[in-house]
Amino acid sequence: MMSNGTNHFAASEPDLMTADRYNARVAEPRWQKTWEERAIFATANDDPRPKYYVLEMFPYPSGRIHMGHVRNYTMGDVVARYKRAKGFKVLHPMGWDAFGMPAENAAMAHKVHPREWTYANIATMKAQLKSMGLSLDWQREIATCDPAYYMHQQRMFLDFLKAGLVERKTSKVNWDPVDQTVLANEQVIDGRGWRSGALVEQRELTQWFFKITRFSEDLLAALDRLDRWPEKVRTMQRNWIGRSEGLHVRFALDPATTPNHESELEIFTTRHDTLFGAKFMGLSADHPLARAAAAKNPALAAFIAECKRMGTAQEAIDKAEKLGFDTGIRAIHPFDPSWRLPVYVANFVLMEYGTGAIFGCPAHDQRDLDFVNKYDLGNTPVVCPEGQDPATFVITDEAYVGDGRMINSRFLDGMTFAQAQEEVAKRLETEIRGGAPVGRRETMYRLRDWGVSRQRYWGCPIPVIHCPSCGVVPVPAAELPVRLPDDVDFDRPGNPLDRHPSWKHVACPQCGGKATRETDTMDTFVDSSWYFARFTDPWIATSPTDRAAVDSWLPVDQYIGGIEHAILHLLYSRFFTRAMKATGHAGLDEPFAGLFTQGMVVHETYRKADGTFASPSEVEIKTLIESTVEDPTSGFKSTSSIRVATLTGTDIPVEIGPIEKMSKSKRNTVDPDEIMGSYGADTARWFMLSDSPPDRDVIWSEEGVQGAARFVQRVWRLIGEAAAVAATGDLPRPALFGEPATALRKAAHQALSRVSEDIEKLRFNRCVAHVYELANTFQTSLTAAGGDPPADYRWAVREAASILVRLFHPMMPHLAEECWAALGAAGLVAEAEWPEVEADLLVEDTVTLPVQINGKKRGDVTVPRTAGKAEVEAAVLALDAVQRALGGAAPKKVIVVPHRIVNVVA
RNA sequence: GCGGACGUGGCGGAACGGUAGACGCAGCGGACUUAAAAUCCGCUGGGGGAGACCUCGUGCGGGUUCGAGUCCCGCCGUCCGCACCA
């Protein structure tokens with residue numbers, strides 16, 4: 001009975017089911033119902049047991065869950081179920097990151113209201129998550145677009161405002177001049193708006209900011225204490241915060257060259273040691289001096305306008321060709337009044353960092369070097385690497401950024417980089433000009449304040465009112481939430497809140513005069529910066545958090561999500577928690593004690609002859625024998641095979657392409673519903689955890705899933721066999737175990753010990769391997785024991801089966817319940833305790849040590865576990881291989897690493 | 001461009017500085033079957049040898065060490081993030 005065209009999930013046709021097959025499609029919903037009816041995953045805040053909070057990053061309700069969700073939530077569920085078995089009260093909630101642009105895009109494309117679209121998606125995805133068998137407390141479900149959630153966010157915004165943690169200032173946005181709307185960086189493609197195709201401009205807007213920079217130092221310093229975070233995430237955050245010790249330097253300007261007799265230009269530098277290598281000064285296009293100069297120079301004004309066409313993405317700015325424009329202004333070198341430096345407006349100088357002005361030392365900065373090479377301004381090396389001859393050291397295309405000795409730098413010559421920095425700083429600090437020092441040391445951070453204003457509808461309204469006489473007035477607490485109006489249209493570009501006929505027009509809460517609401521909504525990162533706190537008591541209506549609940553549950557013990565959130569979401573949440581502490585809404589600084597970042601789910605791509613992609617469900621893979629070579633003397637045949645793909649049910653070939661992140665555009669997605677519908681949730685969960693380490697990408701493959709499905713059936717048969725011979729009732733534990741029983745018990749306890757350790761460390765792929773190993777050993781043992789084994793063995797079988805089922809329960813919970821019931825065990829395995837390891841069973845009486853000669857393995861010795869060094873050495877020297885290698889001579893050295901290895905140096 | 005990671009059989013991967021390739025997938029041989037599926041048993045890094053064994057092998061080039069996939073230096077390649085996607 002071959003598959004008939006569309007069916008590439010042939011394994012699960014219901015009519016193939018027989019009594020000895022496990023039918024996931026029937027069993028899974030049944031157990032899900034049982035769990036729900038008994039409410040065993042609902043968590044009570046007043047439960048006295050020790051707490052464990054496991055959280056996976058909540059999903060954006062985009063429509064349907066994808067394989068990335070399956071992986072993420074499976075991992076979290078393993079931890080939650082394991083910790084529950086270990087006796088913790090576990091908080092494992094789920095919610096929806098429900099505000100965001102896709103809902104507005106859907107509104108524009110399909111004339112469906114963002115709210116309807118969002119809640120329909122939530123309903124679909126919730127049903128999908130439920131079919132995964134996750135041990136979630138759904139009573140605590142929240143959606144960030146619910147006024148019952150965002151009213152608290154508005155309240156905290158106002159509390160932050162009062163506490164001085166919010167401010168208004170200008171910043172740049174991508175402006176689409178045709179659509180008359182602000183664009184996200186992802187909506188800017190090659191410098192053009194994605195919808196209109198118009199060239200994007202930078203535009204200045206007054207916006208709301210959270211003052212995250214207030215916590216720069218603390219956010220940086222506290223990273224050292226987050227010892228259950230991946231080192232790479234901490235490194236990324238450190239670099240993002242970007243602390244650097246630098247120097248502000250006031251350069252005098254030649255007044256004859258300045259537009260309005262400006263007399264100085266202040267720059268910030270971290271490389272003041274290279275001052276004698278300076279070749280030019282660079283101004284940001286937004287620098288006041290640049291603007292002043294542009295006012296009198298139309299060509300410069302045109303250049304500045306050109307710079308503003310670059311959009312706001314850092315990547316685009318960095319990658320763009322380095323361009324500049326000579327303003328004609330000349331700066332005077334701080335150590336040589338006769339040295340003039342040209343002042344350029346340069347497209348790579350940022351107004352947001354430092355003072356918006358730099359001095360350029362091309363020999364030791366790649367951007368500066370690219371710049372001078374373009375404008376022929378020359379370069380002079382001033383730092384010479386150790387071992388290089390200063391006389392011949394030249395820089396051409398590659399800047400030297402390493403350490404070395406100062407050259408071509410007058411009084412700095414011969415100093416190290418650090419000495420030179422100190423010397424320059426000291427001299428400029430003590431030099432007074434116009435009543436202030438020329439140089440001033442300062443610690444700077446790359447981190448910028450968090451701009452939270454979005455000119456969009458589907459977000460949390462910013463609860464302030466603008467009054468012509470009173471200024472910015474907070475919305476009174478009693479009037480919260482400021483709700484989004486429902487009657488909006490998306491026919492036209494721009495912010496629907498801004499053009500709504502009545503919504504924004506209100507009376508000023510202070511003077512009662514005519515005023516308008518803020519029409520900006522908050523960045524959706526705000527919504528996700530405190531949801532973990534709300535989960536601890538999502539019911540409280542009078543405040544964002546219940547302090548007793550939030551302080552007892554937080555920090556999250558294990559947070560799991562994608563590496564793509566390594567910086568922004570995690571850093572914003574760390575800030576927000578501090579801000580909540582400052583305003584009395586929480587009592588701690590760090591929200592996530594343990595963090596794990598999981599890899600992506602990737603899949604092969606399939607390309608048809610016309611260049612378009614085919615989806616995995618349209619493709620059939622066959623393994624063909626490419627060639628068979630027969631050895632003429634031995635008759636041994638060796639073959640090489642090749643995988644080929646065709647459109648299912650046809651001979652039309654399809655090219656198997658590279659393995660890439662699952663995406664709609666590459667059509668290499670696999671629908672979790674289809675997988676769970678045909679194989680069951682446990683198979684999908686098991687496959688997600690097997691093979692690949694959880695922090696790396698996992699390749700989804702049909703073969704792999706089938707392997708997982710086969711294992712499900714194998715376990716079911718194994719447990720069936722075990723149940724048939726296992727001791728039942730209250731058979732007492734035998735005083736002595738025979739050899740087969742002991743061997744089985746050792747295997748079970750060893751697996752138990754290893755799985756426990758690996759779950760604690762989130763090494764799920766190794767857990768899977770250990771479960772496979774135990775299942776293999778168990779099967780072999782049962783087969784060898786035959787039909788009527790002795791009582792001690794039957795006792796061991798019951799123990800091993802009970803351990804095995806509990807070991808894979810966190811990963812395949814439905815199958816585990818079914819097996820648990822088949823074994824006649826009491827209650828639900830979901831409520832069973834984690835088994836206890838019997839340590840004696842992990843220790844062997846003898847150890848077998850590999851023996852190396854000069855570092856290469858040449859044999860083994862088996863010695864008593866208690867053997868001393870001399871005893872081991874004697875046994876090793878007696879080995880034939882060692883005797884042969886030594887040829888009668890004494891060894892130069894024998895290294896014995898107890899219980900591990902012996903190395904004989906001949 | 002800046003920042004971060006990763007690189008081991010045909011494939012995914014395992015390996016406190018200590019036997020490289022656990023476990024799985026794919027493949028091959030066999031058992032069962034009228035046949036297939038399913039299942040079970042065995043083999044499976046390259047080269048050599050009848051054989052116990054020998055030899056080469058963890059992206060490339062050096063180094064440290066009794067011993068390096070693992071540590072150090074320098075390359076090459078691939079992937080991710082970059083502040084208005086979530």
Side-chain angles (χ1 to χ4, degrees), chain A residues 1-2 10-11 16 21 57 59-60 62 97 100-102 173-174 182-188 230 232-233 235-236 238-240 242 312-320 322 348 352 366-367 370 447-456 523-525 528 562-569 571-572 599-600 623 625 637-643 660-661 687 690-693 695-699 701 703-704 706-708 710-711 713-714 717 765-766 768-773 776 779 783 848-852 854-860 881 892-895 897 900-905:
Chain A
M1 205 167 78
M2 267 309 294
L16 282 181
R21 279 187 74 81
M57 291 179 183
Y60 179 78
S62 54
D97 190 12
M101 291 210 307
V173 295
N174 298 307
V182 175
L183 299 177
N185 281 334
E186 68 157 13
Q187 296 174 320
V188 179
K232 63 176 169 182
V233 174
T235 305
M236 281 192 248
R238 272 188 204 105
N239 290 332
W240 187 259
T312 59
Q314 189 60 44
E315 187 190 355
I317 294 168
D318 285 344
K319 276 191 186 161
K322 306 288 170 279
F348 59 94
E352 289 80 20
Q366 192 61 47
R367 291 168 304 182
D370 294 343
L447 182 66
R448 309 200 295 256
D449 278 330
W450 175 13
V452 297
S453 286
R454 297 291 181 270
Q455 293 69 40
R456 305 187 201 290
D523 179 6
T524 56
F525 272 125
S528 55
I563 184 69
E564 65 273 21
H565 293 293
I567 298 174
L568 294 181
H569 163 61
L571 194 58
Y572 290 153
M600 296 183 300
T623 305
I625 293 166
K637 280 187 234 171
S638 64
T639 56
S640 67
S641 56
I642 184 172
R643 294 172 70 242
E660 298 192 57
K661 176 177 181 172
F687 177 67
S690 59
D691 291 357
S692 291
D695 54 347
R696 274 203 232 168
D697 292 352
V698 61
I699 301 176
S701 75
E703 295 89 341
Q706 282 167 3
R710 274 199 298 274
F711 184 65
Q713 297 302 336
R714 224 173 94 206
R717 284 194 306 271
N765 58 320
R766 304 208 320 183
V768 167
H770 302 320
V771 171
Y772 268 116
E773 256 175 330
N776 291 344
Q779 184 67 64
T783 307
T848 299
L849 299 175
V851 176
Q852 295 182 329
N854 294 330
K856 301 213 171 195
K857 199 216 164 185
R858 287 294 183 267
D860 302 284
K892 282 200 188 115
K893 205 173 176 184
V894 179
I895 292 144
V897 184
R900 290 216 74 90
I901 202 164
V902 181
N903 191 13
V904 178
V905 186

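Chain identifiers are assigned alphabetically (A, B, ...) following the order of the sequence lines, protein sequences preceding nucleic acid strands; residue numbering begins at 1 within each chain.
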Check your understanding: Taking the inter-plane angle between the rings of A:Phe525 and A:His569 on a 0 to 90° scale, is it parallel (under 30°), tilted (30 to 60°) or perpendicular (over 60°)?
Key ->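 The arrangement is parallel - the two ring planes meet at less than 30°.
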Pairwise [atom1] distance for [N] and [M], with rounding to whole Å:
{"N": "B:G4", "M": "B:C75", "atom1": "P", "answer": "15 Å"}
{"N": "B:U70", "M": "B:A52", "atom1": "P", "answer": "31 Å"}
{"N": "B:G49", "M": "B:A14", "atom1": "P", "answer": "36 Å"}

Looking only at heavy atoms, what is the nearest atom pair of [X] and [Y], with distance?
{"X": "A:Met101", "Y": "A:Ala184", "result": "CE-CB, 3.9 Å"}
{"X": "A:Val182", "Y": "A:Gln187", "result": "O-OE1, 4.1 Å"}
{"X": "A:Asp97", "Y": "A:Tyr60", "result": "O-CD1, 2.9 Å"}
{"X": "A:Ala881", "Y": "A:Arg858", "result": "CB-O, 3.7 Å"}

Practice item. For the pair A:Val897 and A:Asn903, evaluate side-chain contact (heavy atoms from CB on, under 4.5 Å) and give the outcome as yes or no after the intermediate values. Key: CA-CA 8 Å; A:Val897 184; A:Asn903 191 13; over 6 Å; no
Practice item. Side-chain contact test, heavy atoms from C-beta onward, threshold under 4.5 Å: evaluate it for A:Asp523 versus A:Arg454 and give yes or no. Key: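 Touching, per the 4.5 Å side-chain cut-off.
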Review point. Given side chains that start at C-beta, do those of A:Val894 and A:Val905 come closer than 4.5 Å, heavy atoms only?
Key: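 In short, these two side chains do not touch, never coming nearer than 4.5 Å.
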So what does [X] hit on the nucleic acid, given a heavy-atom distance under 4.0 Å: a base, only sugar-phosphate, or nothing?
{"X": "A:Asp370", "answer": "nothing"}
{"X": "A:Pro59", "answer": "nothing"}
{"X": "A:Val897", "answer": "base"}
{"X": "A:Ile699", "answer": "sugar-phosphate"}
{"X": "A:His565", "answer": "base"}

May I ask you to evaluate whether [X] reaches the phosphate of [N], defined as a side-chain N or O under 4.0 Å from OP1 or OP2?
{"X": "A:Asn765", "N": "B:A22", "result": "no"}
{"X": "A:Arg696", "N": "B:G12", "result": "no"}
{"X": "A:Asn239", "N": "B:C2", "result": "no"}

Point to revise | Whichever of A:Ser701 and A:Glu773 has its nearest RNA chain B nucleotide further upstream toward 5' | key: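 Of the two residues, A:Glu773 wins.
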Review point. Between A:Gln852 and A:Thr235, which is nearer to the 5' end of RNA chain B once each is assigned its nearest nucleotide?
Key: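 With A:Thr235 and A:Gln852 compared, the 5'-side residue is A:Thr235.
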**Study point:** B/S/- contact track for nucleotides 73-85 of chain B, protein heavy atom under 4.0 Å
**Key:** ---------BBBB
Gap between atom [atom2] of [Y] and atom [atom1] of [X] - 0.5 Å precision:
{"X": "A:Leu568", "Y": "A:Met236", "atom1": "CG", "atom2": "CE", "answer": "11.5 Å"}
{"X": "A:Asp860", "Y": "A:Ile901", "atom1": "CG", "atom2": "CD1", "answer": "10.0 Å"}
{"X": "A:Thr235", "Y": "A:Lys232", "atom1": "OG1", "atom2": "NZ", "answer": "10.5 Å"}
{"X": "A:Arg696", "Y": "A:Asn765", "atom1": "CZ", "atom2": "CG", "answer": "9.0 Å"}

Check your understanding: Would you find more than 12 non-hydrogen atoms of other residues, nucleotides or ligands less than 6.0 Å from A:Arg367 atom CZ?
Key ->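 Not more than 12 within 6.0 Å, no.
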Exercise for review: Using the test ring pair (Phe, Tyr, Trp, His ring centres under 6.0 Å), find all partners of A:Phe348 that sit at least two apart in sequence or belong to another chain.
Suggested key: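 With neighbours one apart ignored, the set is A:Phe371.
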Review point. Is the base of B:G69 syn or anti, where syn means the angle lies within 90° of 0?
Key: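 For B:G69, whose glycosidic angle is more than 90° from 0, the conformation is anti.
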I'd like a table of atom pairs between the protein and nucleotides 31-33 of chain B - only N or O on both sides, under 3.5 Å - with the distance next to each one.
none

Show the distances under 3.5 angstrom between N or O atoms of the protein and N or O atoms of nucleotides 49-55 of chain B.
residue : atom : partner  : partner atom : Å
B:U55   : OP2  : A:Arg858 : NH2          : 3.3

Check your understanding: How does RNA chain B read in dot-bracket, base by base from 5' to 3', with Watson-Crick or G-U pairs under 3.5 Å and | used when the partner is on another strand?
Key -> (((((((..(((.....[....))).(((((.......))))).((((....))))..(((((..]....))))))))))))....
**Study point:** A:Glu703 CD to B:G12 P, straight-line distance once rounded to whole Å
**Key:**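 The distance from CD of A:Glu703 to P of B:G12 comes to 13 Å, rounded to the nearest Å.
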Review point. Considering only side-chain heavy atoms of A:Ala769, which listed nucleotide, B:G12, B:A22, B:G24, is closest?
Key: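 Looking only at side-chain atoms, A:Ala769 lies closest to B:A22.
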Polar-atom pairs under 3.5 Å, protein N or O versus N or O of nucleotides 38-46 of chain B: list them with distances, or write none.
residue : atom : partner  : partner atom : Å
B:U39   : O3'  : A:Arg717 : NH2          : 3.3

Check your understanding: Are A:Thr312 and A:Asn185 linked by a side-chain donor-acceptor pair shorter than 3.5 Å?
Key ->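 Short answer, yes.
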Practice item. Ignoring hydrogens and angles, tell me if any N or O in the side chain of A:Lys322 forms a donor-acceptor pair with the backbone of A:Ala320 under 3.5 Å. Key: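 The answer is yes, because a donor-acceptor pair under 3.5 Å joins these two groups.
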Check your understanding: Does the A:Asp697 side chain pair with the main chain of A:Gly599, one donor and one acceptor, at a distance under 3.5 Å?
Key ->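 Side chain of A:Asp697 to backbone of A:Gly599, a donor-acceptor pair under 3.5 Å: no, none is there.
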